[in-house]
Amino acid sequence: MDLELGGRRALVTGGSGGIGAEIARRLGAEGCAVLVHGRDATRTNEVVETLHASGVTSRAVLGDLADDAGAAAVAESARGWGVDILVNNAGPFAEHDWESAEPAVWLDAFNGNVLSAVRLIRALVPAMRERGWGRVVNVGSRAATTPLPNMVEYSAAKAAVVNMTTGLARHLAGSGITANTVSPGVIVTDGMRRMFEERAVREGRPAPWPELEAQVTAEYAPNPAGRLGTAADIAATVAFLASPLAGYINGIDLRVDGGIVPVP
């Protein structure tokens with residue numbers, strides 16, 4: 001299917017690895033020029049080089065989106081790039097329960113997951129308005145609707161992302177810009193693997209990843225699809241929502257989780 005994305009220009013935050021890198025790759029494959037954001041120059045440039053090797057117009061932009069000045073610098077590069085698709089994928093996570101999550105941890109979670117997106121939305125949406133077309137796709141989490149007891153501040157921050165996105169869609173009514181959330185379930189990334197491998201070591205049951213993956217699916221993430229998600233699953237969904245074909249989809253939280261979250 002042709003998603004009609006040829007000639008569009010995108011910014012993917014947190015694009016130096018995992019889900020973000022796969023989103024950048026998929027958008028590039030669909031014909032977008034992709035500005036890849038990251039904080040680590042080596043990893044971000046590696047993604048850009050891979051895109052270049054595939055014939056994709058791409059460039060790296062570095063900066064800390066949890067900082068006003070860092071986000072402003074990224075936004076300035078993005079305005080020069082001419083971004084009309086903004087994918088807010090950057091968002092830190094950590095394991096804390098109610099006893100261990102100090103107020104500072106909550107502030108970090110909201111700054112890194114919510115305000116990092118807000119900073120770029122405020123900076124880049126005005127130019128989309130002028131052009132009469134744009135897409136904002138925010139990456140949420142299944143934790144937004146089923147809070148995780150071991151990631152309490154992250155779950156709350158992602159719930160705020162979903163709420164914020166719906167409010168943004170209403171604010172942008174009639175502008176030609178849509179705003180949607182894609183909420184992944186349990187997705188196999190390097191960071192996710194490390195988290196479960198380290199947990200297995202702490203619990204005294206280390207195992208090779210294929211064995212651990214089966215355990216995670218059965219014990220932590222049982223779902224009707226019968227498997228864990230991949231970065232490609234998320235990238236395909238983001239690419240569709242970013243396309244002109246999805247122009248009548250607006251303000252939704254699209255869960256890509258294999259059905260792990262029960263429908264109310």
Side-chain angles (χ1 to χ4, degrees), residues 9-24 27 34-39 44 61-79 81 83-94 105-129 134-145 151 153-172 175 177-184 187 191 234-235 237-239 241-242 249-256:
R9 305 183 74 81
L11 166 62
V12 180
T13 71
S16 61
I19 291 172
E22 186 62 22
I23 292 171
L27 290 175
V34 185
L35 185 62
V36 181
H37 161 265
R39 292 188 299 175
T44 308
V61 59
L62 304 176
D64 183 359
L65 301 180
D67 173 78
D68 285 343
V74 172
E76 184 64 26
S77 294
R79 280 191 290 264
W81 187 251
V83 167
D84 48 19
I85 298 170
L86 170 59
V87 181
N88 285 308
N89 169 70
F93 67 90
V105 168
W106 286 82
L107 287 172
D108 287 344
F110 274 75
N111 190 26
N113 285 280
V114 182
L115 294 179
S116 62
V118 168
R119 291 180 179 103
L120 292 184
I121 289 166
R122 287 173 57 83
L124 300 181
V125 161
M128 295 182 193
R129 275 187 180 275
R135 296 287 186 266
V136 177
V137 182
N138 295 324
V139 177
S141 169
R142 61 109 171 188
T145 46
M151 302 175 78
E153 78 284 0
Y154 173 80
S155 299
K158 287 303 189 184
V161 169
V162 172
N163 183 283
M164 170 192 76
T165 307
T166 303
L168 177 64
R170 293 180 179 276
H171 172 70
L172 294 173
S175 67
I177 307 167
T178 64
N180 293 291
T181 306
V182 173
S183 285
I187 307 299
I234 307 307
T237 307
V238 169
L241 288 178
I249 301 174
N250 203 6
I252 68 163
D253 176 23
L254 181 51
R255 299 195 301 268
V256 186

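Side chains are part of it too, since the values below use all heavy atoms of this structure and drop only hydrogens, waters and symmetry mates. The model shown is predicted, which means the values in this text are computed figures rather than measured ones.
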Quick one, [X] and [Y] - any side-chain contact, counting heavy atoms below 4.5 Å?
{"X": "N113", "Y": "P92", "value": "yes"}
{"X": "T13", "Y": "S116", "value": "no"}
{"X": "N89", "Y": "I234", "value": "no"}
{"X": "L254", "Y": "I249", "value": "no"}
{"X": "L65", "Y": "R39", "value": "no"}
{"X": "L35", "Y": "R9", "value": "no"}
{"X": "L107", "Y": "N111", "value": "no"}
{"X": "L11", "Y": "L86", "value": "yes"}

- Task: Walk me through it: do H37 and T44 pass the test side-chain contact (heavy atoms from CB on, under 4.5 Å)?
- Result: CA-CA 7 Å; H37 161 265; T44 308; over 6 Å; no
I need the minimum non-hydrogen distance between [X] and [Y], along with the two atoms involved.
{"X": "A160", "Y": "F110", "result": "CB-CE2, 3.8 Å"}
{"X": "T166", "Y": "G251", "result": "OG1-O, 3.2 Å"}
{"X": "S16", "Y": "A21", "result": "C-CB, 4.4 Å"}
{"X": "V74", "Y": "V61", "result": "CA-CG2, 4.0 Å"}
{"X": "W81", "Y": "A10", "result": "NE1-O, 3.5 Å"}
{"X": "P184", "Y": "G140", "result": "CD-O, 3.3 Å"}

- Item | Worked check of side-chain contact (heavy atoms from CB on, under 4.5 Å) between V161 and V114 | CA-CA 6 Å; V161 169; V114 182; 4.0 Å; yes
- Evaluation steps, side-chain contact (heavy atoms from CB on, under 4.5 Å), between R129 and I177: CA-CA 7 Å; R129 275 187 180 275; I177 307 167; 3.8 Å; yes
- Query: Testing T165, N180, V87 for side-chain contact (heavy atoms from CB on, under 4.5 Å) with N138, which one passes?
  - Reply: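 For N138, the side-chain contact (heavy atoms from CB on, under 4.5 Å) test succeeds with only one of T165, N180, V87, which is T165.
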Out of curiosity, [X] [atom1] to [Y] [atom2], how far, rounded to the nearest 0.5 Å?
{"X": "L168", "Y": "N250", "atom1": "CG", "atom2": "CG", "result": "8.5 Å"}
{"X": "L124", "Y": "E76", "atom1": "CG", "atom2": "CD", "result": "10.0 Å"}
{"X": "M128", "Y": "R135", "atom1": "CE", "atom2": "CZ", "result": "10.0 Å"}

- Counting distance only, does the side-chain N/O of K158 pair as donor-acceptor with the main-chain N or O of V139 below 3.5 Å?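 Checking the backbone N and O of V139 against the side chain of K158, a donor-acceptor pair under 3.5 Å is found.
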- Item | Derivation and outcome, side-chain contact (heavy atoms from CB on, under 4.5 Å), residues I121 and M164 | CA-CA 11 Å; I121 289 166; M164 170 192 76; 4.3 Å; yes
- Summary of salt bridge (Lys or Arg N to Asp or Glu O under 4.0 Å) pairs that have at least one residue in residues 107-119, sequence neighbours excluded: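 Counting only pairs at least two positions apart or across chains, the salt bridge (Lys or Arg N to Asp or Glu O under 4.0 Å) contacts touching residues 107-119 are D68-R119.
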